[in-house]
Structure formats: structure tokens, C-alpha cells
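This one's a predicted model, so the numbers in the text were calculated from it and none came from an experiment.
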Amino acid sequence: MWNILQHRLSSSRSLRLRFASIALAFCGLLLSAWPNAATPAWAEEKLTVYSGRAERLIKPVLDSFTAKTGIQIDLLSSGTTELVNRLKIEGDRSPADLFITNDAGSLEIARTAGLLRPLNMREIDRAIPSQFRAADNSWIGLSGRFWIIVYNTTLVKPDQVKSLLDLANAEWKDKIAIPNSGSEYLQAGVSVIRASVGDERTKSFLQGLRDNAGSQVYQKSSQIVEAVAKGQVAIGIVNHYYVYRHLATQPTAPLAVLIPDQHEGGMGAIMNVAGVGILKHTPRLDNAKLLIEFLVAQAGQKMFADLDKEYPLHPEVKADPALVERKSFRAALVPLTKLAELREPTQLLIEQVGLR
């Protein structure tokens with residue numbers, strides 16, 4: 001009996017030792033796969049971002065996010081319209097986790113196409129005022145830009161122009177430079193003008209703009225600023241930050257900014273936003289939300305202000321002091337969410353007028 005009992009005890013100890021060895025081995029496997037304590041579990045992961053913004057304007061911000069979190073960013077940069085069409089074709093098979101672009105209208109088109117995921121995040125609600133995002137937070141504005149008049153200070157006095165509509169007057173014949181008809185900035189700006197003053201007045205404005213610009217039609221806004229700085233034309237229409245970026249590298253250039261349509265009865269300055277949305281199908285939702293949190297937080301917003309000369313949308317983050325104080329002028333009242341529905345008839349009107 002004693003021998004049998006000893007055998008059973010020995011077998012029991014052997015089983016316990018085997019179970020302990022298996023448990024230790026399993027723990028070892030877990031520990032070997034787990035990052036060290038200083039590195040979060042998601043540090044090995046990546047996010048793919050489709051971006052309609054120039055890479056030099058967004059990559060430094062994304063690199064800062066990577067440095068902070070360890071999450072790598074695969075960035076694909078292309079034209080905004082091309083990316084929206086690509087996302088529609090790719091559908092749930094798209095590798096993209098987020099879509100960043102420089103036009104609220106394009107973000108709204110992506111939303112209505114069912115490409116973006118609505119978000120319920122207190123960080124967004126606290127950081128970005130509601131007029132700069134979709135009602136369901138499926139896209140969120142990150143930075144603001146205004147369509148302004150840049151003028152050569154040796155050729156124009158600021159009191160010569162009050163409204164963008166003035167640029168259709170005959171006195172500006174052969175003196176202005178404008179974006180080409182495919183420009184999203186032009187399309188968004190004309191959409192706001194249509195919503196503010198109606199189609200007939202907008203058509204008359206576009207006809208005058210076409211005649212006055214002549215051959216001074218440019219693909220890039222930086223080329224418009226350069227033409228004005230060199231005195232090739234007296235005035236141009238661009239987003240404000242192109243002027244301030246030029247002055248940052250060439251501070252003696254004879255350039256100044258005029259915020260138009262501030263007079264009584266004027267429509268106000270035309271505003272648009274760069275923004276971001278998370279793709280509906282992403283399997284990396286938590287990491288995508290981390291990037292959103294970074295972009296809307298004060299540190300991320302300050303990067304847009306400092307690097308890109310844009311107006312931060314976070315109310316507690318100040319713009320570059322070189323910019324016109326935001327509180328000193330008013331914006332047009334056309335909601336950003338309307339830019340999508342306005343776009344197609346605006347494109348048709350631009351085509352009818354024959355802008356290049």
C-alpha cells in the first residue's frame with residue numbers, strides 16, 4: 001500500500017512539474033512577443049493615409065505622430081478628386097485607414113458616398129467647433145484657409161479693391177492672375193459666391209475674371225504669388241498661406257494680403273478647411289483614432305499653424321502672428337457641408353463661361 005501511495009504522489013508531482021513547465025514556456029512565448037514596457041503594444045503597427053495635400057505640408061505632422069507613438073505611417077499623396085474616386089473603386093478592399101485633404105467639399109462627398117466612419121469622440125467635440133466638421137464627425141476640419149487677394153504693393157493700393165467681385169471690372173484688364181478651372185480652390189470659392197450672390201451675378205463675375213486674366217491662368221497658387229511678386233501682374237487670387245510662405249523665405253518681396261468682402265453688405269471672406277476622416281472599413285480603428293486625437297489636440301494644431309501658416313481651428317491655439325488677426329474679419333456664412341452639393345453646378349457654370 002505504501003509503495004502504491006508513493007507511486008501516486010510521485011506521479012502527481014511529475015504532472016505538476018509538467019504543467020508548470022508548460023505554463024512557464026507559454027508565458028515565455030507571450031513575453032517574447034510583447035514589446036518592452038516603454039513601447040506601447042500598438043507601436044509595431046502601421047496606418048495608411050491617403051492624402052490630397054502636398055506631402056511637404058502634412059508629412060512633418062505625421063512624422064511627429066510616429067515619433068510620439070511609434071506607429072508608422074504609409075502616406076499616399078495624390079490629387080483629391082483622384083483619391084476620392086480611388087476610394088470609391090477600392091471600397092472595403094482599400095488599404096487606406098484615413099483620408100486627409102484640403103477641401104471640405106471633397107470630404108463631404110466622401111461622407112455621402114458612405115466611405116467614412118462617424119465618430120463619437122469627446123476629444124473632437126472639445127477641440128474643433130461644430131461648424132468645422134460633419135454633423136456626425138465622419139470628417140473633422142484641422143486647419144482653416146481663406147481665399148484672399150494678394151497684391152503687389154508697388155502697383156496697387158489696398159483701398160482700390162473691396163470685393164473679389166471687383167476683379168471683374170474693366171480696370172483690372174491684363175492685371176490679374178487666377179487659378180485654372182480644375183482648381184479645387186477656384187471651385188470651392190465660386191461655390192460660395194454662387195450661394196451668396198446667385199448664379200447670374202456669379203456668371204458675370206466669371207466672365208470678367210476670364211477676360212481680365214487672359215493668359216495669366218496658373219495650375220499652382222505658388223506660381224500666382226510669384227507672378228504678383230515679380231510685377232508680372234498686379235493682383236492674384238490664392239489661399240492666404242501661399243503668400244505668407246513666400247514672405248517667410250523672401251521677406252522683402254512687395255506682397256501684401258487683402259481680406260475682401262468685409263464692407264457692409266459684403267459676403268465675407270471665403271473660407272475652407274483641410275480635414276480628415278477615418279475610412280469606414282479600417283481594421284485599425286483604435287490607432288486611427290489616436291491619430292485623430294493627435295491632429296486635433298493643441299500640439300498638432302500648433303504644427304499646422306507654425307509649419308503651414310494656416311489658421312488653427314482649436315480655439316485655444318493661436319495663428320502665426322504674421323497672419324491677419326482672425327478676429328479682425330468675418331467669414332462668409334455658407335456652411336462648409338454645402339460645398340459638396342454646390343460643386344457640380346459650379347463646375348458646369350465654370351465650363352459654360354469658358355475659363356481655362
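- More than 12 heavy atoms of other residues, nucleotides or ligands sit less than 6.0 Å from atom NZ of K173.
- Between H263 and S163, the closest side-chain pair of non-hydrogen atoms falls below 4.5 Å.
- Within a 6.0 Å radius of CG in N120, no more than 12 heavy atoms belonging to other residues, nucleotides or ligands are found.
- More than 12 heavy atoms of other residues, nucleotides or ligands shown are found within 6.0 angstrom of CG on L76.
- Looking only at distances, a side-chain donor or acceptor of T112 sits under 3.5 Å from a matching main-chain atom of E108.
- Between R86 and E90 a salt bridge is recorded (basic side-chain N to carboxylate O distance below 4.0 Å).
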Should N287 and K289 be marked as a side chain to side chain contact (heavy atoms under 4.5 Å, CB included) after you check the CA-CA gap, both sets of side-chain angles, and the distance that decides it? CA-CA 5 Å; N287 288 347; K289 284 183 175 180; over 6 Å; no

Pair N180-Q219, side-chain hydrogen bond (donor to acceptor under 3.5 Å, both in side chains): steps then yes or no: CA-CA 6 Å; N180 66 23; Q219 183 176 1; 5.3 Å; no

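- When all heavy atoms of L116 and L107 are compared, the closest pair comes out as CD1-O, 3.7 Å.
- Both V161 and I193 are part of a single hydrophobic cluster, where members link through side-chain heavy atoms under 4.5 Å apart.
- Using a 3.5 Å distance cut-off with no hydrogens or angles, the side chains of T101 and D103 do not pair a donor with an acceptor.
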Q187 vs L339, side chain to side chain contact (heavy atoms under 4.5 Å, CB included): CA-CA, chis, key distance, verdict: CA-CA 9 Å; Q187 292 168 9; L339 292 179; over 6 Å; no

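- In terms of heavy atoms, N137 sits closest to I140 at O-CD1, 3.5 Å.
- Put simply, the side chain of D174 never gets that close to the backbone of G214: no donor and acceptor are under 3.5 Å apart.
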Step-by-step side chain to side chain contact (heavy atoms under 4.5 Å, CB included) determination, V233 to I176: CA-CA 5 Å; V233 289; I176 63 174; 5.8 Å; no

What do the steps show when you test R111 against T337 for side-chain hydrogen bond (donor to acceptor under 3.5 Å, both in side chains), and what is the final call? CA-CA 10 Å; R111 184 194 73 81; T337 52; over 6 Å; no

Would you please test Y311 and F146 for ring pair (Phe, Tyr, Trp, His ring centres under 6.0 Å) and show each step? CA-CA 9 Å; Y311 286 93; F146 289 89; 5.5 Å; yes

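- Between the CG atom in L47 and the CG atom in L75 there is a gap of 11.5 Å [rounded to 0.5 Å].
- A continuous path of Ile, Leu, Val, Met, Phe, Trp and Tyr side chains, each step under 4.5 Å between heavy atoms, connects M271 with M267, placing both in one hydrophobic cluster.
- In terms of hydrophobic clustering, with Ile, Leu, Val, Met, Phe, Trp and Tyr side chains grouped at heavy-atom distances under 4.5 Å, V243 and L57 are assigned to different clusters.
- At least one side-chain heavy atom of R145 sits under 4.5 Å from a side-chain heavy atom of Y185.
- Counting heavy-atom neighbours within 6.0 Å of E351 CD, excluding the residue itself, gives a total of 12 or less.
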Steps toward salt bridge (Lys or Arg N to Asp or Glu O under 4.0 Å) verdict (K230, E226): CA-CA 6 Å; K230 290 179 177 178; E226 187 73 26; 3.6 Å; yes

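- Between the side chain of D136 and the backbone N or O of S138, at least one donor-acceptor pair lies under 3.5 Å.
- For the pair R53 and E310, the salt-bridge criterion is met [side-chain N within less than 4.0 Å of a carboxylate O].
- No close placement of the F99 and Y50 rings is indicated, their centers lying 6.0 Å or farther apart.
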Test N152 against I235 for side chain to side chain contact (heavy atoms under 4.5 Å, CB included), laying out the working first. CA-CA 6 Å; N152 186 300; I235 276 181; over 6 Å; no

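- Both tests pass for R326 against the ring of F329: distance under 6.0 Å to the centre and angle within 45° of the axis.
- Separating the CG atom in L355 from the CG atom in L186 is a distance of 6.5 Å, to the nearest 0.5 Å.
- Residue D97 holds its CG atom at 7.0 Å from CG of L279, rounded to the nearest 0.5 Å.
- Summarising the geometry of L323 relative to K309, their closest heavy-atom pair is CD2-O, 3.4 Å, with the distance given to 0.1 Å.
- Note: the hydrophobic cluster containing L333 does not contain L165 (ILVMFWY, side chain heavy atoms under 4.5 Å, direct or indirect links).
- A donor-acceptor contact shorter than 3.5 Å is absent between the side chain of S204 and the backbone of E200.
- Taking CG of L167 as the reference point, atom CZ of F205 lies at 6.0 Å (rounded to 0.5 Å).
- When the side chains of ILVMFWY residues are joined at heavy-atom separations under 4.5 Å, either directly or via intervening members, I149 and L155 end up in a single hydrophobic cluster.
- At least one donor-acceptor pair closer than 3.5 Å links the side chain of Q301 to the backbone N or O of L295.
- A donor-acceptor pair shorter than 3.5 Å cannot be found between the side chains of T202 and R194.
- Across every non-hydrogen atom of G144 and H240, the tightest pair is O-CE1, 3.6 Å.
- Between E341 and K338, at least one side-chain nitrogen of the basic residue sits less than 4.0 Å from a carboxylate oxygen of the acidic one, meeting the salt-bridge criterion.
- Looking at K203 and L349, their side chains come closer than 4.5 Å, going by heavy atoms from C-beta outward.
- With 3.5 Å as the limit, one finds no donor-acceptor pair spanning the side chains of S215 and R356.
- Ion pairing between D125 and R133 holds under the 4.0 Å rule for side-chain N and carboxylate O.
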Go through the steps for T80 and S106 under the test side-chain hydrogen bond (donor to acceptor under 3.5 Å, both in side chains), then give the verdict. CA-CA 7 Å; T80 294; S106 299; 5.1 Å; no

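- Side chain of H281 to main chain of S94: a donor-acceptor pair is present (N/O by atom type, distance under 3.5 Å, no hydrogens or angles).
- Q216 and Q232 share no side-chain donor-acceptor pair at under 3.5 Å.
- Between P129 and P315, the closest side-chain pair of non-hydrogen atoms falls below 4.5 Å.
- The minimum heavy-atom distance linking L142 with L313 is given by the pair N-CD1, 3.6 Å.
- Proximity of W147 to P260: side-chain heavy atoms (C-beta onward) are nowhere separated by under 4.5 Å.
- If you take CG on L291 and CG on D286, they are separated by 13.0 Å, rounding to the nearest 0.5 Å.
- Atom CG of D320 and atom CZ of R245 lie 11.5 Å apart (nearest 0.5 Å).
- Considering all non-hydrogen atoms of both residues, A253 and L247 come closest at O-CD2, 3.8 Å.
- Although no hydrogens or angles enter the test, the distance criterion places a donor-acceptor pair under 3.5 Å between the side chain of T66 and the main chain of I71.
- Under a 3.5 Å cut-off, the side chain of N169 and the backbone N or O of D166 do form a donor-acceptor pair.
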